[in-house]
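Bear in mind the structure is a predicted one, so any value in this text is a computation, not a measurement.
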Amino acid sequence: MTKMKSKKMTKSTVAIIVMAVLMVAMLAFGGTYAYFTATATAVTGNITTGTVKLTGSVVSTITANNVMPGDTILTGDQNPSYTVETSDTGNWVAIKVEFTGDTVANLTITVDSAVWQEVGSGTGIYRTKSAIANGASVKVFPEAGFTFNADDNWTQGELTSDDDLMGKTITISITAKSIQDKNIGSEGIDEEVTALFA
């Protein structure tokens, strides 16, 4: 009987050991999953940004003496000119014309209407009517130059003329800026040009 009992214990022991191993295996691997995975090489590349440049034979501050209404100022080479340099097909060019000095009453400026149009009314901001091609130039005033037009009257006994324009120093300043044409176009250009000078 002893032999038989030990055989049973051996089978039982083996069964217990196998069950214990299986339980340990279930505990160890029961919450672990295996996956197929893959790794790709990172994709890298370079981008090169474009350019927007504006150069000019610029008379940044215009000064003339003893100017009378009807006098022509800034003819020929004195006429401010701006040249576009860009990697785009073209750029818009915008200028802001400002009068400063003793008085600026009733003064207006006449830019080349074939090239420029005013943005807003009375803002002194003008933009080209179309984008200017790479390498092309635009002049501010007509070929004939800028004609000073003003009306004023001095009355005997008065210290100054009616509009206070006579005997005064007036400075005309022109600031020029350029902006890309690509992704802007003519639809949104007035808003973008206004923001340039804000």
Side-chain angles (χ1 to χ4, degrees), residues 52-86 90-181 184 186 188-198:
V52 173
K53 296 179 182 178
L54 187 65
T55 58
S57 56
V58 182
V59 181
S60 57
T61 302
I62 301 161
T63 306
N65 297 316
N66 298 318
V67 176
M68 299 294 277
D71 282 355
T72 299
I73 309 167
L74 298 177
T75 57
D77 293 339
Q78 293 177 324
N79 193 341
S81 176
Y82 300 96
T83 303
V84 166
E85 296 177 50
T86 182
N91 292 339
W92 295 88
V93 179
I95 57 173
K96 184 170 185 179
V97 182
E98 296 176 285
F99 295 100
T100 56
D102 296 332
T103 182
V104 292
N106 300 324
L107 287 180
T108 58
I109 197 165
T110 302
V111 297
D112 188 346
S113 60
V115 177
W116 305 93
Q117 74 179 48
E118 190 171 13
V119 177
S121 178
T123 61
I125 299 173
Y126 299 83
R127 67 157 172 90
T128 50
K129 290 185 173 180
S130 60
I132 304 303
N134 180 40
S137 300
V138 288
K139 291 190 174 188
V140 174
F141 302 115
E143 286 299 320
F146 163 54
T147 302
F148 178 74
N149 290 313
D151 290 316
D152 200 3
N153 180 64
W154 177 79
T155 303
Q156 183 176 341
E158 297 295 323
L159 295 176
T160 62
S161 55
D162 295 348
D163 286 330
D164 202 24
L165 290 175
M166 292 189 194
K168 299 298 180 178
T169 299
I170 301 164
T171 302
I172 304 170
S173 298
I174 301 172
T175 306
K177 298 194 176 190
S178 185
I179 190 170
Q180 69 186 61
D181 178 42
I184 295 177
S186 58
I189 191 60
D190 284 355
E191 184 179 339
E192 296 299 331
V193 163
T194 302
L196 284 177
F197 293 100

Quiz prompt | Minimum-distance pair of heavy atoms, taken over all atoms of G90 and D181 | solution = O-CB, 3.2 Å

Quiz prompt | Nearest heavy-atom neighbours spanning N149 and G70 | solution = OD1-N, 4.2 Å

Exercise. Determine whether T110 and T147 make a side-chain contact, defined as any pair of heavy atoms from C-beta on separated by less than 4.5 Å.
Key: no

Quiz prompt | T83: partners by side chain to side chain contact (heavy atoms under 4.5 Å, CB included), with sequence neighbours left out | solution = T55, S137

Quiz item: Who passes side chain to side chain contact (heavy atoms under 4.5 Å, CB included) against S113, sequence neighbours left out?
Solution: none

Quiz item: Is the shortest heavy-atom distance from the side chain of I189 to the side chain of V119 under 4.5 Å?
Solution: no

Quiz item: Under 3.5 Å, is there a donor-acceptor pair between the side chain of N79 and the main chain of F141?
Solution: yes

Quiz item: In chain order, what residues pass the side chain to side chain donor-acceptor pair (under 3.5 Å) check against T194, with sequence neighbours excluded?
Solution: none

Quiz item: Do T175 and I95 come close enough that some side-chain heavy atom pair is under 4.5 Å?
Solution: no

Quiz item: Roughly how far apart are L159 CG and D164 CG, rounded to 0.5 Å?
Solution: 10.0 Å

Self-check item: Interatomic spacing from CD1 in I125 to NZ in K177 - rounded to 0.5 Å
Solution: 9.5 Å

Practice problem: Kindly say whether A94 contributes a backbone atom to a donor-acceptor pair with the side chain of W116 at under 3.5 angstrom? | Solution: no

Quiz item: What closest approach, in Å, do V138 and V115 show between heavy atoms, and which atom pair accounts for it?
Solution: CG1-CG1, 3.9 Å

Quiz item: For the atom pair CD (Q180) and CD (E192), what is the distance rounded to the nearest 0.5 Å?
Solution: 9.0 Å

Self-check item: Results of side chain to side chain donor-acceptor pair (under 3.5 Å) for T155 - residues two or more places apart only
Solution: N153

Practice problem: Only counting residues at least two apart or in another chain, list the ones meeting side chain to side chain donor-acceptor pair (under 3.5 Å) with D152. | Solution: S161

Self-check item: Contacts of type side chain to side chain contact (heavy atoms under 4.5 Å, CB included), residue S186, not counting sequence neighbours
Solution: W92

Practice problem: Enter the distance from K53:NZ to N91:CG here, rounded to the nearest 0.5 Å. | Solution: 11.5 Å

Practice problem: Identify the two heavy atoms, one from T72 and one from A144, that lie closest to each other, and give their separation to 0.1 Å. | Solution: CG2-O, 3.0 Å

Quiz prompt | salt bridge (Lys or Arg N to Asp or Glu O under 4.0 Å) partners of residues 109-118, not counting sequence neighbours, each pair once | solution = none

Self-check item: Pairwise salt bridge (Lys or Arg N to Asp or Glu O under 4.0 Å) hits with a residue in residues 120-130, at least two apart
Solution: R127-D190

Quiz prompt | Point-to-point distance, once rounded to the nearest 0.5 Å, from CD1 of I174 to OH of Y126 | solution = 10.0 Å

Quiz item: Does T86 offer a backbone N or O that forms a donor-acceptor pair with the side chain of N134 under 3.5 Å?
Solution: yes

Practice problem: Sequence neighbours left out, what passes side chain to side chain donor-acceptor pair (under 3.5 Å) with Q117? Give chain and number order. | Solution: none

